[in-house]
Number of protein chains: 2
Amino acid sequence: MSIERSSCKECHQSHHCIAAKLSEAVRGNKVKDISRHEAIYVRGQRIFSQSACSSACYIVKSGSVKIVNVDAQGNERIIGFYLPGEVFGWEGVFRGSFPSTAIAMERSMVCKIPIEYLEQRASAKPDFIHSLLKLMSRELNNVEQLAIRLTRYTAEERIISFLLDLSQRYADRKLSALYFRLPMNRTDIANHLGLAVETVSRVLGRIQHDGDLTIRGRELKILNHSRLLSKISVAPNTEIRYISEENKTKVLELDPKCLSGTSF
Amino acid sequence: MSIERSSCKECHQSHHCIAAKLSEAVRGNKVKDISRHEAIYVRGQRIFSQSACSSACYIVKSGSVKIVNVDAQGNERIIGFYLPGEVFGWEGVFRGSFPSTAIAMERSMVCKIPIEYLEQRASAKPDFIHSLLKLMSRELNNVEQLAIRLTRYTAEERIISFLLDLSQRYADRKLSALYFRLPMNRTDIANHLGLAVETVSRVLGRIQHDGDLTIRGRELKILNHSRLLSKISVAPNTEIRYISEENKTKVLELDPKCLSGTSF
DNA sequence: CGGGTACTTGATTATCGTCAACAATCGTGG
DNA sequence: CCACGATTGTTGACGATAATCAAGTACCCG
């Protein structure tokens, strides 16, 4: 039994849901008859597979999902984790096929919306185009943040920054930001952050010993949020100052064209 | 003198240009009267600044541009480099302000197109929505690739993969893939790849010594492309096999719903 | 030609990965 | 309810890769 005809009204994620937004934008009423496909996946099951031809985006309704990329040598890297209410799968739009695989990390309900459908409806309601672009842009922001996290951050900084990011996302969903359960195991955290499992274990142990958090298995309690925050990126590497320097010396050479009307 | 009224016809980048695509899509004719703003920037000059409120995308017409993120401690990280024909600035759409700064790496001509304009025109021609989404999705693919490059890759693998990526991008622009000039200095490469300048220098020296490429200053010549390719990611770390394993054991538990109709 | 930036090379150190062994937890079935 | 095996997590010893510190060379631009 496909759940396509089920109402989105009862969906706990409707306030995050792009389909709901679309429906509201198009009709001004509450969500109904969205062309979508709902399914339940068990732990370890794929939602889509790398190089599968399709383009759709997906919304996590419950559970959690990880996006994994496998390279030519078979090495896997976890690009990201998705929590209830979050949208994933935008990376498939470019080639019309997915550059990575999506895997349910626990029993999860996922809602699938084809891109073509979004595009069609978007053209009917211009405001919605902006919502679409914003959603994708948000994803771009997130991945850039990940790239930054992986560059020059030490193991401890990566882990703290990762945990604080999770915490923030739980807070965004009106859940506790200080006490939650990690949806992934240590191996996945290590893989995602480019570290060895042992390092993750050790660093978590050290942070716990410092009294900034408690972690038992996947149960996490943040005890000293501000101190954790202050620990990430305390000038780990040489501070390079291209922006200020170069601008200082070069601003005088400004081409007149650059100054002309900012409006257009 | 604003160049807004200048024709896009003479632009060498029109075949890469989103504005040109838009114009064609909307009118079926060649590029004209695109609402855009062209400007020349000197080396080190900012095209947009972190947290500046604006949302537009930009096309490199000549020269090259780097996107730099500055964190709370003042540490800078280069997110990406953009070559002629490439589009940047999508990350600003999410918040309506830029999470990073764009800096010209040499005398560069850059074309600016406001997002609102793209959105308006896109609603007039539905096909163009897809082009827009594809462009952003491509950017997402690129940044994910960067994240992968930064995770678990050794210094040598990062550098080779970075150079081969550049090479490919030059090839895409009908320029030589084997002989080109790096638009950035070693410090920028190091920053971008999360390495120390000395490491970049040493690794480049080593690769050169192996006879796979020649590099003098910024002039690069790839001598053995296939061997370089084979050097990236030769199983640097333990091969983790969640996908196959978990799927093998769990596929039997498949919820019937997951198998129902792939079409919708 | 001189000054500054960019790049290279060497010596030393530290972080983190690897290998190895062990402990805790979970899920399943008797 | 407990026992079992399997998965997951922890801890220690050791080594390798790359960062840091330091010095020196090449290059570019005025």
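In what follows, every chain begins at residue 1, and chains take the letters A, B, ... in the order their sequences are listed. For clarity, every value in this text was computed on a predicted model and none was experimentally measured.
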query = Are side-chain heavy atoms of A:Tyr41 and A:Val110 found at a separation under 4.5 Å?
reply =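 A:Tyr41 vs A:Val110: side chains touch.
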What is the distance, rounded to the nearest whole Å, between atom [atom1] of [X] and atom [atom2] of [N]?
| X | N | atom1 | atom2 | result |
| --- | --- | --- | --- | --- |
| A:Glu219 | C:dT25 | CD | C1' | 13 Å |
| B:Ile159 | C:dT8 | CD1 | P | 11 Å |
| A:Tyr153 | C:dT15 | OH | P | 18 Å |
| B:Leu204 | D:dA18 | CG | P | 13 Å |
| B:Glu156 | D:dA19 | CD | P | 14 Å |
| A:Ile189 | D:dG9 | CD1 | P | 8 Å |
| B:Arg107 | D:dC29 | CZ | P | 14 Å |
| A:Arg43 | C:dC26 | CZ | P | 13 Å |

task = Select from A:Val197 and B:Arg186 the residue whose nearest nucleotide in DNA chain C is closer to the 5' end of that strand.
result =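 The residue closer to the strand's 5' end, by nearest nucleotide, is B:Arg186.
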task = Identify whether the distance between the nearest side-chain nitrogen and carboxylate oxygen of B:Glu157 and B:Lys231 falls below 4.0 Å.
result = no
message = For B:Glu219, is there an ion pair with B:Arg181 - N to carboxylate O distance below 4.0 angstrom?
response =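 Looking at B:Arg181 and B:Glu219, the cut-off is met.
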Side-chain H-bond candidate by donor/acceptor type, B:Gln50 with B:Ser100, under 3.5 Å =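 B:Gln50 vs B:Ser100: no donor-acceptor pair found between side chains.
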Exercise: do B:Arg158 and B:Ser161 side chains pair donor with acceptor under 3.5 Å = no
Side chain of [X] only, please: which of [options] is the nearest?
| X | options | answer |
| --- | --- | --- |
| B:Glu198 | C:dG10, D:dG9, C:dC7 | C:dG10 |
| A:Arg202 | C:dG17, C:dA6, D:dT8 | C:dG17 |
| B:Ser201 | C:dC16, C:dT9, C:dT18 | C:dT9 |

inquiry  = So, applying side-chain hydrogen bond (donor to acceptor under 3.5 Å, both in side chains) with A:Arg77, which one of A:Asn191, A:Asn69, A:Asp71 is it?
reply    = A:Asp71
query = Hey, does the side-chain of B:Arg206 have a donor or acceptor N/O within less than 3.5 Å of a partner on the base of D:dT17?
reply = no
task = Using five base pairs at each end, measure the axis-to-axis angle across the helix from C:dC1-D:dG30 to C:dG30-D:dC1 and round it to 10 degrees.
result =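 Taking five pairs per end, the axes differ by 50°.
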request  = Under 4.0 Å between any heavy atoms, over every strand shown, what does B:Ala155 touch: base, sugar-phosphate, or nothing? Just pick one.
outcome  = sugar-phosphate
request  = Tell me whether the OP1 or OP2 atom of C:dC16 has a side-chain N or O from A:Thr199 closer than 4.0 Å.
outcome  =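 False: A:Thr199 side-chain N/O out of range (4.0 Å or more) of C:dC16 OP1/OP2.
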ask   = Looking at A:Arg216, does any N or O in its side chain come under 4.0 Å of the phosphate oxygens OP1/OP2 on C:dA24?
value =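 The answer is no; no side-chain N or O of A:Arg216 sits under 4.0 Å from OP1 or OP2.
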key: Pair B:Tyr82 + B:Tyr58: ring centers closer than 6.0 Å   =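 Ring centres of B:Tyr58 and B:Tyr82 not closer than 6.0 Å.
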